Every structure is written in structure tokens, then in C-alpha cells.
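Structure record follows, encoded as C-alpha cells.
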Amino acid sequence: LEDLLIESDVGFETAEELTDSLRDEAKLQNAKSHDDLKQVTVEKLVDIYDKGGEGKDSKLADDPEAKPNVYLFVGVNGAGKTTTIGKLAKRIKDSSKSVMMVAADTFRAGAVEQLVEWGRRDGVEVVTGPEKADPASVVYDGVKKAKDRGIDFLLVDTAGRLQNKVNLMSELDKIKRTIKKILPDQPNEVLLVLDGSTGQNALLQAKDFDKTTKLTGLVLTKLDGSSKGGVVLAIRNEMDLPVKLVGLGEKVDDLANFDAEKFAIGLFQGLI
Ligand SMILES: Nc1nc2c(ncn2[C@@H]2O[C@H](COP(=O)(O)OP(=O)(O)OP(=O)(O)O)[C@@H](O)[C@H]2O)c(=O)[nH]1
Ligand SMILES: [Mg+2]
């Protein structure tokens with residue numbers, strides 16, 4: 001079991017902690033059958049997840065006074081930032097709250113159009129700037145517009161970047177400062193989007209992004225594939241960062257809140 005856990009990227013410490021406590025717990029609960037053990041394992045994993053983030057809110061910030069609540073999405077290339085924003089905008093709109101998106105990825109060709117297309121499908125306005133514009137200036141326009149109109153939520157898309165590229169990371173810092181200039185209490189979410197198949201490198205990403213932008217949570221995408229995202233347990237344990245959303249496909253409805261028990265079961269599906 002310990003080997004399996006390490007292979008699932010939950011991290012060495014978590015794997016050890018889990019197997020040690022399982023040994024005791026299984027004796028304590030007199031778990032003998034395969035099903036008993038499975039149950040105990042899932043319970044323990046959920047315990048470890050919960051313990052890693054005591055007092056931390058696993059729900060997305062939703063301040064009714066904040067007009068808008070600003071969510072800043074960051075992450076490496078192709079993690080699923082734009083897709084997650086597109087899905088979330090629809091979910092917010094369906095809950096009868098107002099929402100806008102900002103296309104602050106002015107770097108990658110086609111990135112603005114990709115978000116604009118989500119906007120069309122969702123029926124949600126997207127703030128854009130001229131090609132190759134300074135992303136912070138687009139964010140400035142977006143925040144100003146959302147504030148003037150009293151919009152509830154503003155979702156900011158950013159260009160994918162490697163966490164060790166200093167100039168690109170300072171661009172994120174500038175974006176954050178720009179938001180604060182207009183709304184000192186925002187962004188109330190800075191979400192690192194992680195591809196669920198990223199192994200231990202995800203922990204490095206989380207640490208480096210956190211250094212520049214002070215993360216508030218994670219989004220774990222592509223859990224519809226074979227990857228189970230075990231590394232979030234390691235991130236949770238080391239950094240206290242909760243998973244706030246999971247991506248379960250490319251379609252607009254393929255977005256869910258994180259459910260620790262479901263996650264634990266998924267991690268072990270077919271293994272125990
Ligand atoms: N199967 C699956 N595919 C996903 C999911 N989320 C995103 N994708 C796909 O992953 C690819 C990259 O997604 P994007 O949303 O463009 O990723 P990004 O982080 O915005 O990428 P950059 O802007 O290039 O940094 C696209 O083909 C998406 O359709 C998911 O939860 N499941
Ligand atoms: Mg993108």
C-alpha cells in the first residue's frame with residue numbers, strides 16, 4: 001500500500017503517515033475483510049486531507065459586499081485555466097449572480113479568442129485588450145468595468161507560465177497589484193490550476209506560484225483521465241492549500257466542487 005501511495009504522488013511523508021495510522025486503525029476497528037480495509041483506508045485519507053487544512057475554507061470566496069469578487073487564475077501552460085474559467089462563469093451565471101471574464105492572456109496566439117468563445121457560449125461578457133497589450137492594463141480595464149457596474153464576480157484568465165521564469169512571475173505580481181490598486185481587498189481567490197496528471201512537480205509549482213502571488217486554493221483538472229491527482233495530498237500537507245474545484249472533462253458542465261471522499265475513492269479505485 002505504501003508503494004502504491006508513493007506511485008500515486010501523495011508524497012513520501014503522507015504515504016508513511018497513512019500506512020502507519022492504517023495499521024493501528026485496522027486493528028482497532030478489527031477490519032478483516034477486503035471491504036472493511038477499503039473503507040478504513042478511504043476514511044483515513046479523508047482524515048489526512050481534512051487535517052492538512054484545518055480552519056481553511058474549501059469553498060470559493062463569495063463576499064456579497066464585494067462588487068466584484070475577483071478570482072485570479074494562474075498556472076503553467078495547458079493546465080486548464082481558460083477552460084475552468086469558461087465553465088465557472090456559466091455556473092455563476094446559472095446561480096443568478098452577475099459575472100464577467102477578463103482575457104489577460106495577451107501572450108499566446110488565439111488565447112483571447114478562446115475565452116471570447118466561452119463568453120459567447122456562456123452568454124457572459126469578456127473584457128479584452130488590443131493584441132500584445134500589457135496584461136495588467138487589460139486587468140485594470142476589467143476590474144474598473146466590473147466595479148462600475150456592480151458585477152458580483154470577475155474571473156481573470158492569465159497566460160500559462162513556468163514557475164521558474166522570473167520575469168513572467170513578476171508580471172503576475174503586477175497584475176495582482178493592479179487589482180489591489182482599485183480594490184484593496186481583492187483578489188479574494190488566487191487559484192493555481194493543476195493538471196491532475198502532474199506528479200511531484202506540482203508541489204514545486206505550488207511553492208513558486210505561492211511565493212509570487214500568495215495562493216488561496218487549487219483547481220485540479222483532467223480527473224476524467226487516468227490521473228488521480230494524488231499530489232494534492234502532498235500539497236495539502238505541506239502548504240495547507242485546499243482544492244476548491246475539479247475539472248472532469250472539456251464540456252461546460254464538467255466542473256465540480258472538490259469532494260475529499262470521492263477523491264480518496266478515486267485514488268484507490270481498482271487498487272484495493
Ligand atoms: N479531459 C479534460 N480536458 C481538459 C480539462 N480541462 C481542460 N482540458 C483541456 O486541456 C487543454 C488545455 O486547456 P486550457 O483551458 O486551454 O488550458 P490553459 O491553462 O488555459 O492553457 P494556456 O492558456 O495555454 O496556458 C484543452 O484542450 C482543454 O479542453 C478537463 O478537466 N478534462
Ligand atoms: Mg489559457
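Keep in mind it's a predicted model, so treat the numbers as computed, not measured. When a ligand or atom number is given, it counts from 1 through the structure's own listing order.
Ligand 1 has an N or O atom lying under 3.5 Å from an N or O atom of Gln114, backbone or side chain. Considering backbone and side-chain N/O of Ala159, none are found under 3.5 Å from N/O of ligand 1. At under 3.5 Å, not a single nitrogen or oxygen of Thr221, backbone or side chain, sits near a nitrogen or oxygen of ligand 1.
Ligand-side atoms of ligand 1 in range of Asn77: 25 (O), range being under 4.0 angstrom from any heavy atom. Near Gly247, the atoms of ligand 1 lying under 4.0 angstrom from a non-hydrogen atom of the residue are 31 (O). Close contacts of ligand 1 with Lys87, meaning ligand atoms under 4.0 Å from a residue heavy atom, involve 31 (O). Close contacts of ligand 1 with Asp105, meaning ligand atoms under 4.0 Å from a residue heavy atom, involve 23 (O). Against a heavy-atom cut-off of under 4.0 Å, Leu248 is close to the following atoms of ligand 1: 31 (O). In the vicinity of Gly160, heavy-atom distances shorter than 4.0 Å reach the ligand 1 atoms 25 (O).
For atom 22 (P) of ligand 1, the nearest non-hydrogen atom from the set Ala111, Gly78, Ala256 comes from Gly78.
Taking atom 25 (O) of ligand 1 as the reference point, the nearest protein heavy-atom neighbour is Lys81 NZ, 2.8 Å. Scanning the protein heavy atoms around atom 15 (O) of ligand 1, the nearest turns out to be Thr83 OG1, 2.5 Å. Of the protein's non-hydrogen atoms, the one nearest atom 30 (C) of ligand 1 is Gly249 O, 3.1 Å. The single protein non-hydrogen atom nearest to atom 32 (N) of ligand 1 is Asp224 OD1, 2.8 Å, given as residue, atom name and distance. Of the protein's non-hydrogen atoms, Gly80 N, 3.0 Å is the one closest to atom 17 (O) of ligand 1. When only non-hydrogen protein atoms are considered, atom 24 (O) of ligand 1 lies nearest to Arg108 NE, 3.0 Å. At the top of the distance list for atom 8 (N) of ligand 1, counting protein heavy atoms only, stands Lys222 CE, 3.8 Å. Glu250 OE2, 3.8 Å is the protein heavy atom nearest to atom 9 (C) of ligand 1.
A donor-acceptor pair shorter than 3.5 Å cannot be found between the side chains of Thr221 and Asp195. When only modelled atom types and interatomic distance are considered, Asp63 and Asn69 share no side-chain donor-acceptor pair under 3.5 Å. Side-chain polar atoms of Asn167 and Glu171 form no donor-acceptor pair below 3.5 angstrom. Looking only at atom types and distance, the side chain of Asp152 has a donor-acceptor partner in the side chain of Ser98 under 3.5 Å away. If you check the side chains of Thr82 and Asp157, you find a donor sitting under 3.5 Å from an acceptor.
For Phe209 against Gln163, the heavy-atom pair with the smallest separation is CE1-CB, 3.7 Å.
Expressed to the nearest 0.5 Å, how far CG of Leu18 lies from CG of Leu1 amounts to 6.0 Å.
Counting non-hydrogen atoms of neighbouring residues, nucleotides and ligands closer than 6.0 angstrom, the CD atom of Glu2 exceeds 12 such neighbours.
Checked against Leu255 for a side-chain contact (heavy atoms from CB on, under 4.5 Å), the options Thr84, Val246, Leu248 give a single hit: Thr84. Val102 pairs in a side-chain contact (heavy atoms from CB on, under 4.5 Å) with only one of the listed residues (Leu115, Leu155, Val156, Val70), which is Val156.
Contacts with ligand 1 closer than 4.0 Å are made by no heavy atom of Val193, backbone or side chain.
Using bins of under 30°, 30° to 60° and over 60° for the plane-to-plane angle, the ring pair Phe153/Tyr71 lands in the perpendicular bin.
Among the atoms of Thr82, an N, O or S atom falls under 2.8 Å of the Mg ion (ligand 2).
Under the 6.0 Å distance and 45° angle rule, Lys132 counts as a cation-pi partner of Phe107.
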